[in-house]
Protein chains: 2
Amino acid sequence: MKQEDTETIVPEMDDDISTPDAPDRETVGRASMTSRAYARLRADIISGVLVPGQKLKIEELRQIYDAGTSPIREALSLLTSDHFVERIDQRGFRVAPVSSKEFDELLKTRCWLEERALRESIANGDSSWEEQVVLAAYRLSRVPRSQVDDHFVANAEWEVRHKHFHVTLISACDSSMLMKFCDQLYDQNIRYRQLSGIQAYPSRDVTAEHGAICDAVLARDADLAAKLLVSHYNSTGDFLKDQLEDA
Amino acid sequence: MKQEDTETIVPEMDDDISTPDAPDRETVGRASMTSRAYARLRADIISGVLVPGQKLKIEELRQIYDAGTSPIREALSLLTSDHFVERIDQRGFRVAPVSSKEFDELLKTRCWLEERALRESIANGDSSWEEQVVLAAYRLSRVPRSQVDDHFVANAEWEVRHKHFHVTLISACDSSMLMKFCDQLYDQNIRYRQLSGIQAYPSRDVTAEHGAICDAVLARDADLAAKLLVSHYNSTGDFLKDQLEDA
DNA sequence: TAATTTGAAAAAATCGATATTATTCCCGTA
DNA sequence: TACGGGAATAATATCGATTTTTTCAAATTA
């Protein structure tokens, strides 16, 4: 296989905006206008500031995000493939709509992919991976899910650690593609969580569920771990579904 | 859940360029410059005209694809999320590199996802789906893989029908997301197939393999169908791997 | 009244020019 | 000779203006 190497480019750089993750890593500083706009738009769509189905007018966005036409359009193009934005030729962009049908699909697909990824991780993961799982679980357990006790106020740090725990679980699956897909679905799911306008807590003990998953993983009990993980997602999903139907 | 409906947009339009598929559907005619550039760039990357790792200079592409800066950059942005192009802030775009490691991952991940999708299809598919599978298999069997008998000359029609057969197999899995992922991986795989500079035929009878898969599907034998599908992919993969190593 | 046409306004798409950043290559120095 | 500084060059990123297309509503017609 021939490869053009007259052009000298640094070969490794897996942390740019093409990664569905880490949207706000270098949002300020030397990042390009496109990256900035991408990160901010993405955050605003996930958080629900930009409403599902909403038309995204270039001129409007230009003013809000303080950038020119090109960076805005490029950012929107990037978001299109992440399924956060829809593009229609000659008719511009809009925030991807949501539906309970799509949420069902999302939940289902996540379970399929994460189960496979988890089983592979359990089969392949070495002791360093085990340690990372333990550490991620511990760190997650050290912060409260809600900033206030009697009603729910999202805790950003919990969100970060929660995602990190789930990423770590499947990080030994040895397929960056599968991990990327899981990541995409995770972020889609967060969007639904935000949009549901979650007020009440889930009554069940989420921390205990994480602990149980962690134990099963360390025991290399793939069947149990997969079962726990899937039911973990499903109960969260059921809870969200109720919220979605109320609203 | 609130939804802004002051803006009137046609709600359904699932066939635009955001679909990783059908890149050249309306490539001519009223399609936008961006869509045209996207389709042509995509085709040229898959076919190997644009070499893996190659720097993609905007000015150059502008001339080749006869479009302005913005459409080219937008098209490249779309291609980055498809993993056909890499983007590095402030350093432009290049064709996504290939590696035998990545090919391994690709093959593995495809098997995981397609197996799941096929099992779901077999579980959920109705008689209309069965008929579509039969039809797709028949149509595939009616065209030769190579235009010439004694050496390999790619037959575009075979490619189209082959893809359609595989898409149809999993079309009853009831997850557009999973199908989209499979589609992405399929196209990535085609790229590797093209790049390997395939000359000789695989000696095995690919048509027979398709027939066997079809039979197992109609018999609703999920285990057998999955086994056949995975080994179908793996043998193609092994064959490609040899080609890759030779080159 | 319903359907169609027309035209003004709005928005998207596109372009070419400019500003910004990276790369290259030359030259002086250790 | 190897190294590092610093223009000169090349390429990217960005902007605002222009062109094209769509949208909306009023006017016309059957």
Side-chain angles (χ1 to χ4, degrees), chain A residues 4-13 15-18 26-41 50 53-80 85-96, chain B residues 4-13 16-18 26-41 50 53-80 85-95:
Chain A
E4 182 153 311
D5 48 13
T6 48
E7 307 285 354
T8 317
I9 303 188
V10 286
E12 281 308 302
M13 175 81 181
D15 215 21
D16 62 318
I17 51 170
S18 68
E26 278 263 52
T27 295
V28 283
R30 301 188 312 115
S32 65
M33 288 301 214
T34 300
S35 304
R36 273 211 286 278
Y38 171 80
R40 293 189 54 194
L41 278 163
L50 297 172
Q54 181 183 344
K55 186 92 179 42
L56 293 167
K57 297 180 196 163
I58 305 293
E59 186 53 38
E60 231 170 70
L61 300 181
R62 258 186 49 150
Q63 300 186 340
I64 297 174
Y65 298 99
D66 192 46
T69 313
S70 313
I72 294 289
R73 291 186 63 91
E74 273 179 57
L76 290 172
S77 296
L78 289 170
L79 288 164
T80 297
V85 166
E86 280 191 1
R87 169 200 198 110
I88 303 176
D89 245 27
Q90 241 80 32
R91 255 171 256 188
F93 302 86
R94 61 171 174 164
V95 180
Chain B
E4 182 152 313
D5 47 14
T6 47
E7 306 285 356
T8 317
I9 303 189
V10 286
E12 280 308 302
M13 175 78 182
D16 61 318
I17 52 168
S18 69
E26 278 264 50
T27 294
V28 284
R30 301 188 311 116
S32 65
M33 287 303 223
T34 300
S35 303
R36 274 211 285 278
Y38 171 80
R40 292 189 55 194
L41 278 163
L50 297 172
Q54 181 183 344
K55 186 93 182 39
L56 293 167
K57 297 180 196 163
I58 305 294
E59 186 53 38
E60 232 170 70
L61 299 181
R62 260 186 49 150
Q63 301 187 339
I64 297 174
Y65 298 99
D66 192 47
T69 314
S70 313
I72 294 289
R73 291 187 63 90
E74 271 180 59
L76 290 172
S77 296
L78 289 169
L79 287 165
T80 48
V85 166
E86 279 191 2
R87 169 198 199 110
I88 302 176
D89 246 26
Q90 242 78 35
R91 252 171 260 187
F93 302 86
R94 62 170 173 164
V95 180

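Per chain, numbering begins at 1; letters A, B, ... match sequence-line order. Here the structure is a predicted model, which means the values were calculated and not measured.
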Task: Where protein sits on nucleotides 6-11 of chain C, one letter per nucleotide: B base, S sugar-phosphate only, - none, heavy atoms under 4.0 Å - done: -----S
Open item on the list: Please find the pair of heavy atoms, one from Arg94(A) and one from Lys55(A), that lie closest to each other, and give the distance.
Closed with: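 In this case the closest contact between Arg94(A) and Lys55(A) is CB-CA, 4.0 Å.
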- [ ] Write down the atom of Ala31(A), the atom of Arg36(A), and the distance for their closest heavy-atom approach.
- [x]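 Minimum heavy-atom separation between Ala31(A) and Arg36(A): O-NH1, 3.4 Å.
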What's the [atom1]-[atom2] distance between [X] and [N], to the nearest Å?
X: Ile72(B); N: dT14(C); atom1: CD1; atom2: P; answer: 10 Å
X: Arg36(A); N: dA13(D); atom1: CZ; atom2: C1'; answer: 12 Å
X: Glu59(A); N: dT14(C); atom1: CD; atom2: P; answer: 17 Å
X: Arg87(B); N: dA11(D); atom1: CZ; atom2: P; answer: 18 Å
X: Ile88(B); N: dA11(D); atom1: CD1; atom2: P; answer: 16 Å
X: Asp89(B); N: dT20(C); atom1: CG; atom2: C1'; answer: 13 Å

Open item on the list: Looking only at side-chain N and O atoms, does Ser77(B) offer a donor or acceptor that is under 3.5 Å from a partner on Arg87(B)?
Closed with: yes
Straight-line distance of [X] [atom1] to [Y] [atom2], nearest 0.5 Å:
X: Leu41(A); Y: Ile72(A); atom1: CG; atom2: CD1; result: 5.5 Å
X: Ile58(B); Y: Arg73(B); atom1: CD1; atom2: CZ; result: 5.0 Å
X: Leu56(B); Y: Leu50(B); atom1: CG; atom2: CG; result: 6.0 Å
X: Asp89(A); Y: Tyr38(B); atom1: CG; atom2: OH; result: 12.0 Å
X: Glu74(A); Y: Ser70(B); atom1: CD; atom2: OG; result: 8.0 Å

- [ ] Could you tell me, to 10°, how much the axis swings from one end of the helix from dT1(C)-dA30(D) to dA30(C)-dT1(D) to the other, five pairs per end?
- [x] 20°
TODO: With sequence neighbours left out, write down each residue that passes side chain to side chain contact (heavy atoms under 4.5 Å, CB included) with Gln90(A), or none if nothing qualifies.
DONE: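 Partners of Gln90(A) under the side chain to side chain contact (heavy atoms under 4.5 Å, CB included) test: Ser32(B).
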Where do N or O atoms of nucleotides 15-18 of chain C meet protein N or O atoms at under 3.5 Å, pair by pair?
from: dC15(C); atom 1: OP2; to: Gly68(B); atom 2: N; distance (Å): 2.3
from: dC15(C); atom 1: N4; to: Ser70(B); atom 2: OG; distance (Å): 2.9

Donor-acceptor pairs under 3.5 angstrom involving side-chain atoms of residues 61-68 of chain A: please list them, not counting sequence neighbours.
from: Arg62(A); atom 1: NH1; to: Thr69(A); atom 2: OG1; distance (Å): 3.4
from: Tyr65(A); atom 1: OH; to: Asp44(A); atom 2: OD2; distance (Å): 2.7

Task: Under 4.0 angstrom between Ser32(B) side-chain N/O and dA12(C) OP1 or OP2 - done: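 For Ser32(B), the contact criterion (side-chain N or O under 4.0 Å from OP1 or OP2 of dA12(C)) is not met.
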